[in-house]
Amino acid sequence: MRSLIERLHREHTLAPDEFRILLSQCNDKDLSYINALAREVSHASFGNRIFIRGLIEVGNRCKNDCYYCGIRRSNHLIERYHLDEETILACCRHGYELGFRTFVLQGGEMNDDKMIIRTVSSIRKEFPDVAITLSLGEKETSVYERFFQAGANRYLLRHETHNELHYRKLHPEAMSLSNRLRCLADLKRIGFQTGTGIMVGSPYQTIDNLIEDILYIENFQPEMIGIGPFLPHHDTPFAMMPSGSLNQTLLLLSIFRLMHPHALIPSTTALATLSPEGREKGILAGANVVMPNLSPVIQRSKYSLYDNKASLGAEAAEGLLLLEQRLKVIGYVIDKGRGDYNAY
């Protein structure tokens with residue numbers, strides 16, 4: 001196993017059968033070893049700096065009905081909301097005062113595209129030095145182009161799974177894997193720094209599915225890779241499904257870091273929700289980004305993608321001092337720069 005890990009470190013890839021061995025036979029000692037190597041690679045690219053992004057959850061209205069998601073269209077028990085342009089700008093102003101130089105606008109797929117375009121333009125005009133990341137789901141090519149022209153720099157869109165049969169088990173018939181992949185290709189062609197990724201341990205996921213995902217991401221070469229554990233929501237068809245594994249998530253984080261030394265890889269809120277020390281463990285496995293929540297406090301609990309989502313303390317923008325202290329314990333510091341992708 002150690003020789004496989006060392007070759008992945010050296011060559012940045014393995015054969016599918018070798019990935020299968022790594023994913024299915026990695027023990028605790030092997031996990032510690034690959035985490036340490038991934039940490040070294042991240043340190044070589046970024047030092048001990050962790051980039052912060054100010055997350056603004058702009059709304060929880062969604063036209064889609066993904067079986068795993070708490071804000072799915074069929075969940076009639078959730079209180080819906082949508083932030084207006086001025087509220088989003090107020091979040092940005094607060095974040096800018098705190099030192100954030102990247103804002104991430106995330107929401108369900110029922111956003112008013114024209115409002116988002118106006119809002120992005122306003123953010124760009126008021127804060128010309130920031131990076132603007134959008135995570136608003138699948139759109140027509142022309143909409144992505146207008147987002148980019150308005151001043152957005154980055155776009156996050158997890159593909160979730162590259163296997164058609166697995167995709168069908170997670171999504172209703174109205175959605176398609178081919179359209180998701182079309183969106184990702186469009187985003188990269190338009191010029192966004194593009195992020196994709198997966199849920200680890202999503203229902204019905206197999207080792208072969210994960211290998212397909214690894215190979216797709218290797219081929220796509222995203223600037224950002226977002227992975228986190230599947231966490232169930234009580235008002236979805238997957239309410240009784242088990243959460244994804246912490247160790248498997250940490251293993252995949254390290255695999256992606258060894259394969260993509262310069263990628264921007266967050267230690268996700270889902271990881272911090274799964275384990276009290278999940279954020280720190282993600283960083284020690286090779287992650288180099290965290291996204292504290294800048295959303296209005298009154299709305300945070302409504303953006304419930306999964307149960308018990310962490311949004312306070314070190315997961316909140318107002319908890320930057322606590323985050324700084326927790327990072328210091330493991331030997332890291334906050335970097336308040338834009339933290340753009342750099343391939344060199």
Side-chain angles (χ1 to χ4, degrees), residues 1-16 18-53 158 195-201 207 210-211 213-229 244-272 274-275 277-291 326-327 329-335 339 341-344:
M1 182 66 73
R2 184 160 292 205
S3 64
L4 278 182
I5 293 170
E6 289 171 350
R7 189 146 55 80
L8 178 62
H9 180 205
R10 188 171 60 250
E11 300 178 8
H12 310 300
T13 192
L14 294 172
E18 293 170 325
F19 278 124
R20 185 174 292 106
I21 293 169
L22 184 54
L23 289 167
S24 60
Q25 299 179 27
C26 185
N27 60 31
D28 289 347
K29 189 173 290 188
D30 299 325
L31 180 62
S32 294
Y33 184 64
I34 193 172
N35 289 166
L37 279 183
R39 191 159 62 247
E40 288 178 15
V41 169
S42 182
H43 203 277
S45 295
F46 307 102
N48 68 335
R49 298 171 297 135
I50 300 298
F51 297 119
I52 56 170
R53 320 304 201 191
R158 289 184 181 181
T196 192
I198 59 172
M199 289 183 295
V200 181
I207 295 294
L210 289 173
I211 294 168
D213 293 324
I214 290 169
L215 296 177
Y216 166 70
I217 290 173
E218 179 182 24
N219 181 65
F220 185 68
Q221 289 293 307
E223 287 79 16
M224 300 171 286
I225 303 171
I227 72 167
S245 158
L246 174 65
N247 282 356
Q248 191 176 46
T249 304
L250 297 175
L251 172 59
L252 281 156
L253 266 174
S254 292
I255 288 172
F256 284 123
R257 173 56 70 207
L258 294 181
M259 295 181 73
H260 306 269
H262 304 289
L264 300 163
I265 303 178
S267 187
T268 62
T269 301
L271 200 52
L274 181 64
S275 167
E277 297 178 348
R279 180 199 312 100
E280 289 87 342
K281 289 181 177 179
I283 290 167
L284 294 172
N288 70 313
V289 173
V290 294
M291 296 198 289
R326 292 184 65 163
L327 291 178
V329 169
I330 60 171
Y332 288 82
V333 297
I334 289 175
D335 187 319
Y341 174 81
N342 188 339
Y344 305 103

Of His43, Arg257, Arg49, His262, which is the lone residue that meets side-chain hydrogen bond (donor to acceptor under 3.5 Å, both in side chains) with Asn288? Arg257

Contacts of type side chain to side chain contact (heavy atoms under 4.5 Å, CB included), residue Asp30, not counting sequence neighbours: Met1, Ile5, Cys26, Asn27

Does the side chain to side chain contact (heavy atoms under 4.5 Å, CB included) test come out yes or no for Val41 and His9, once each step is laid out? CA-CA 8 Å; Val41 169; His9 180 205; 3.6 Å; yes

Applying side chain to side chain donor-acceptor pair (under 3.5 Å), name anything that partners Ser254, two or more places apart in sequence or on another chain. Asn35

Taking all non-hydrogen atoms of both residues, which atom of Leu14 and which atom of Leu22 are closest, and how far apart? CD1-CD2, 4.2 Å

Enter the distance from Arg158:CZ to Met199:CE here, rounded to the nearest 0.5 Å. 7.5 Å

If you apply the rule side chain to side chain contact (heavy atoms under 4.5 Å, CB included), what do you find for Val290 with Ile334, and how did you get there? CA-CA 9 Å; Val290 294; Ile334 289 175; over 6 Å; no

Distance col, row Ser267:OG vs Tyr332:OH, nearest 0.5 angstrom, shows 10.5 Å

Do Leu8 and Phe19 make a side-chain contact, defined as non-hydrogen atoms from C-beta onward lying under 4.5 Å apart? yes

According to salt bridge (charged side-chain N to carboxylate O under 4.0 Å, His left out), who are the partners of Arg20, at least two apart in sequence or on a separate chain? Asp17, Asp208

What pairs with Glu18 under salt bridge (charged side-chain N to carboxylate O under 4.0 Å, His left out), at least two apart in sequence or on another chain? Arg7

Looking at Glu277, I want to see if its CD is surrounded by more than 12 non-hydrogen atoms of other residues, nucleotides or ligands under 6.0 Å. no

Find the distance between CG (Leu251) and CG (Leu31) and round it off to the nearest 0.5 Å. 6.0 Å

Could you tell me whether the side chain of Arg53 and the main chain of Val289 form a donor-acceptor pair under 3.5 Å? no

Nearest heavy atoms of Ile227 and Leu253, plus distance in Å: CD1-N, 3.5 Å

Heavy-atom pair with the smallest gap, counting every atom of Pro261 and Ser45: O-OG, 3.0 Å

Would you mind reporting whether Glu218 and His12 have side-chain heavy atoms less than 4.5 Å apart? no

Which atom of Ile214 lies closest to which atom of Met259, heavy atoms considered: CG2-SD, 3.6 Å

Which pair of heavy atoms, one from Ile21 and one from Leu4, lies closest together, and at what distance? CG2-CD1, 3.8 Å

Please report the interatomic distance CG(Leu37) to OG(Ser32), rounded to the nearest 0.5 Å. 11.5 Å

Holding to side chain to side chain contact (heavy atoms under 4.5 Å, CB included), I want the full list of residues that pass it with Thr196, two or more places apart in sequence or in another chain. His159, Leu184, Tyr216, Ile217, Phe220, Pro222

CG on Asp335 to CG on Leu327, rounded to 0.5 Å: 11.5 Å

Check whether Arg39 reaches the backbone of Leu284 with its side chain - one donor and one acceptor, N or O, closer than 3.5 Å. yes

Which heavy atom in Thr249 sits nearest to a heavy atom in Pro229, and how many Å separate them? OG1-CB, 3.7 Å

Could you check whether any side-chain heavy atom of Leu23 comes within less than 4.5 Å of a side-chain heavy atom of Leu252, counting everything from C-beta outward? yes

Who passes side chain to side chain contact (heavy atoms under 4.5 Å, CB included) against Ser245, sequence neighbours left out? Asn247, Gln248

Verify side chain to side chain contact (heavy atoms under 4.5 Å, CB included) between Leu258 and Ile255, making sure each step is shown before the conclusion. CA-CA 5 Å; Leu258 294 181; Ile255 288 172; over 6 Å; no

Spacing of CG belonging to Leu264 relative to CZ belonging to Phe46, to within rounding of 0.5 Å: 5.5 Å

